[in-house]
Amino acid sequence: MSNSIADAPRAAEGRHPRGSAMSIRSSSVYIAFAALVVLDLIVTPGFRNPAVIRSLLFESAPVLLIALGQSLAIGTRGIDLSVGSVMALSSSVIGISLSLGQGWSLAFGIGTGLACGILNGLLIAVLRIDPLISSLSLLVAARGLAQALLGGARMDLPFDGPIPWLGAARISVIPVTAVIALIAAGIFAFVVKRTTVGHYAIYAGASRTAAFLAGQPVRLTLAFVYGLSGLLAGIAGLFATARLGAADPNYIGVQFELDAIAAAVIGGTPLSGGRISVVGTIFGVLLLEVLDASFIMNDISATYAQILKAAFIVGALYLQRTGG
Amino acid sequence: MSATTEFTQLKSQTSDRARLVGLIQARGAILVLIIVALIAGAVFPDFLHAGNLADIVTAGSFLGLVAIGQTFVIILGGFDLSVGSMVGLGTVLAAYALPFGWVAALALPIVVGSLVGLIDGLLIARTRMAPFIVTLAALLALKGAAIALAGESMVIAKPGFSAPSPMAIFSASAISSCFWFWLLQSAPWC
């Protein structure tokens, strides 16, 4: 990273000899991803089919969006557990506002995510509630509200219009949603690495006290970070709804926050804050999605798949642990 | 002289206020509990009856036991996401062990739970991995193990078997008293 300001703690790391162990640790997610894909190409029947890439990217797009917001929240030494439920709430709002026209319901869905994120940010910044607790209460509340709005039932979308288009549109094998998610990741990386507010966020994670003493608007920054996470969750909810072809408050986003956290951490954003890796997060998401697909395509029962996935997450983290 | 008195008064006022704020922060949950119970009692006439209160305390005693463990973890600045899945695995294990007697049904979940916690703890302490991630992995693995063990369905331990409900309340109270004493009243043993 040439931009030394965004990665202040890395300068300190430079004192250590950059041996091969060090480079394995910092790039373990890419190695693991490459190894898994090669293994799948050899072992998994049908993995070479281009439809697999299409399907994988359709599943990855919403997870990538929430993992981006999550990685920034983690970078500030916080966490956002609410993203999965916010996706469901955004989906419900899309469902109930369909009668106003799909353009409006699309905007309301994304706006709902933003509103939830801002609420979460205000709880954290103004009332100084711990992010874990505020986002946990939002996880419960948003899921409940999402189910209440649709009476607990799913609501099918019409077959044409901009939202169903998003659920199926693709350029060759690349889904449009994945392209949008990737563009969002690019903008996100620019904000985090090149703008003042991005630097403030990372500093606040590295040392809250030092950031405060340096006169940075720490609480405003936190409100921005969680607002952004909510906005991305709103878009993710839209994508998931479009892909499913229905607004479903019981199914959309369940335990997605755990995948997002795992992806961010495997990608090299430590839970101790002060550092963020956007490219690592992208590959962390792809890794988890390919892993899920490998289990399904090899007909491994979902129960054992969970155990294997757990072992894989621990293994990936073990490789990049910060020793000493 | 008067300035000193004023200062002392001011000081005692602020410390009174600080003490009040501290008291609300420390005991606020009890206040909220009382308010909620009174409102519920006013709205639902049966709420404050003994039978209903016993049901609520029984349901709460399970969560209470889990919360005691979580308290110790949070004091260390850590986090344990896996407890819910461990409760699930514990019920499956207890159901399988029950035909061998109630001692087995009691011992097996406790032993397995302790072992799983020990493995989590060793991973966190020795490899310095984040507690969040280690226990997230344990959450997935234990849930998978519980569902796999149960053959993706329900395990009926013994038709008609159920522990008397005061048992849950008494054991949860006894265990939380022990941990309260250990945490706040005993001198550190180290």
Item to check | Minimum heavy-atom distance A:Val29-A:Leu287, with the two atoms named | outcome: CG2-CD2, 4.3 Å

Checklist entry - Is chain A contacted by the side chain of B:Leu136, its backbone, both, or neither, given a heavy-atom distance below 4.5 Å? => result side chain

Item to check | Exercise: identify the closest heavy-atom pair between A:Met87 and A:Pro62 | outcome: CE-CB, 4.1 Å

Checklist outcome for this item: Hits for ring pair (Phe, Tyr, Trp, His ring centres under 6.0 Å) against B:Phe179, two or more places apart or cross-chain, chain-then-number order -> B:Phe72, B:Trp182

Item to check | Residues of residues 104-123 of chain B contacting chain A, heavy-atom criterion under 4.5 Å, by residue number | outcome: B:Leu123

Checklist entry - chain B heavy atoms under 4.5 Å from A:Ile74: which part of the residue, side chain, backbone, both or neither? => result neither

Checklist outcome for this item: Hits for side chain to side chain contact (heavy atoms under 4.5 Å, CB included) against B:Ser173, two or more places apart or cross-chain, chain-then-number order -> B:Ile169

Checklist entry - Side chain of B:Ser176, backbone of B:Ala172: donor and acceptor closer than 3.5 Å? => result yes

Item to check | Per-residue contact mode, A:Leu132 against chain B (heavy atom under 4.5 angstrom) | outcome: side chain

Checklist entry - For A:Ser301, is it the side chain, the backbone, both or neither that has a heavy atom under 4.5 Å from a heavy atom of chain B? => result side chain

Checklist entry - Where on B:Leu142 is there a heavy atom nearer than 4.5 Å to chain A: the side chain, the backbone, both, or neither? => result neither

Item to check | A:Thr44 side chain to A:Asn298 side chain, donor-acceptor N/O pair below 3.5 angstrom | outcome: yes

Checklist outcome for this item: Taken in chain and number order and not counting sequence neighbours, the residues that satisfy ring pair (Phe, Tyr, Trp, His ring centres under 6.0 Å) with A:Phe312 are none

Next on the checklist: Just checking B:Phe47: does its CZ atom have more than 12 heavy atoms from other residues, nucleotides or ligands closer to it than 6.0 angstrom?
Outcome noted: yes

Checklist outcome for this item: Ranked by heavy-atom pairs below 4.5 Å to chain A, first place among B:Ala138, B:Ala137, B:Ala130, B:Ala145 goes to B:Ala137

